[in-house]
Asker: 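Pasting in a structure now, in structure tokens, and then I'll have a few things to ask.
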Amino acid sequence: MSLVVLPIYGAGYQSTLRADLALEGDLNTVAGLSIYEQGETPGLGSRVTDPAWLAQWSGKQTANTAGEITISVVRGTGATPFEVDGIAGATRSTTGLSNLVRFWLGTDGYGPFAEAP
């Protein structure tokens, strides 16, 4: 099994979130997400570092069959392979994390390097 680990960062609600995003060898399946630096609101936004919440990212698909980056954090329960359950009370922090993952996987981030030659 091969993994690609991508360092990513971006704006949360009150701070810059810094994380490592691990992708399976297909470059479309999340193997894991680890946030190693954040300064979000204690007890609310800081819950983005909760191991149980981070575990939800594993196995999620980042893009649809057309190659569009579709992974996102959603309000309530994620119902598709592209959706991660949101955290009540931490909407801005989780939206920020969702946006930064999408950015780094997209055309302005690592996306062009992941395309087949």
Side-chain angles (χ1 to χ4, degrees):
M1 173 201 274
S2 63
L3 293 176
V4 174
V5 179
L6 305 172
I8 59 174
Y9 67 92
Y13 173 54
Q14 291 187 325
S15 70
T16 298
L17 300 170
R18 297 186 187 281
D20 288 322
L21 176 66
L23 299 176
E24 301 285 349
D26 66 2
L27 302 179
N28 190 45
T29 304
V30 175
L33 177 66
S34 173
I35 298 173
Y36 60 86
E37 185 179 317
Q38 59 84 25
E40 299 298 285
T41 309
L44 292 173
S46 65
R47 292 177 18 213
V48 296
T49 61
D50 183 314
W53 187 73
L54 289 170
Q56 292 183 62
W57 288 80
S58 296
K60 295 297 180 179
Q61 300 297 299
T62 62
N64 62 21
T65 55
E68 301 165 321
I69 304 300
T70 53
I71 191 166
S72 65
V73 176
V74 296
R75 215 170 240 227
T77 303
T80 73
F82 310 102
E83 297 176 335
V84 176
D85 300 353
I87 298 174
T91 302
R92 289 185 179 175
S93 297
T94 56
T95 298
L97 183 59
S98 180
N99 289 340
L100 75 94
V101 167
R102 292 169 60 95
F103 171 83
W104 285 105
L105 293 175
T107 57
D108 293 326
Y110 297 112
F113 300 104
E115 294 176 4

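Note that the structure is a prediction, hence the values are computed from the model and not measured. Computed over heavy atoms, backbone and side chain alike; hydrogens, waters and symmetry mates excluded. The first residue in the sequence is number 1, and the count goes up from there.
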Asker: Is a side-chain N or O of Asn28 found less than 3.5 angstrom from the main chain of Ala63, in a donor-acceptor match?
Answerer: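 Present.
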Asker: So Val30 and Val101, do their side chains get closer than 4.5 Å, heavy atoms only?
Answerer: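 No; the side chains remain at least 4.5 Å from each other.
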Asker: Report the distance from atom OG1 of Thr95 to atom CZ of Arg75, rounding to the nearest 0.5 Å.
Answerer: 8.0 Å
Asker: Nearest 0.5 Å, what's the OG1-CG distance between Thr94 and Asp85?
Answerer: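 The distance works out to 10.5 Å.
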Asker: Sequence neighbours left out, what pairs pass ring pair (Phe, Tyr, Trp, His ring centres under 6.0 Å) with at least one residue falling in residues 78-109?
Answerer: Tyr9-Trp104, Trp104-Tyr110
Asker: Would you say Glu40's side chain and Tyr13's backbone share a donor-acceptor pair under 3.5 angstrom?
Answerer: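 Checking the backbone N and O of Tyr13 against the side chain of Glu40, a donor-acceptor pair under 3.5 Å is found.
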Asker: Flag the pair Ser72 / Thr70 as yes when at least one side-chain heavy-atom distance between them is below 4.5 Å, and no otherwise.
Answerer: no
Asker: Within the structure provided, determine whether Ile71 and Gln61 are in side-chain contact (heavy-atom separation under 4.5 Å).
Answerer: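 Ile71 does not reach Gln61 side chain to side chain.
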Asker: Within a strict 4.5 Å, meaning less than it, do heavy atoms of the Glu24 and Leu3 side chains meet?
Answerer: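 With C-beta onward as the side chain, the pair touches.
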Asker: Quick check against the 3.5 Å criterion: does Gln38 have a side-chain atom that pairs as donor or acceptor with the backbone of Thr49?
Answerer: no
Asker: If we only count heavy atoms from C-beta on, is the Thr16 to Glu37 side-chain gap below 4.5 Å?
Answerer: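 No - every pair of side-chain heavy atoms lies 4.5 Å or more apart.
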Asker: Using the side chain to side chain contact (heavy atoms under 4.5 Å, CB included) rule, pick out the option among Val48, Ile8, Val84 that qualifies with Leu33.
Answerer: Ile8
Asker: First locate atom CH2 of Trp53, then atom CD1 of Ile35, and finally report the distance between them rounded to the nearest 0.5 Å.
Answerer: 6.0 Å
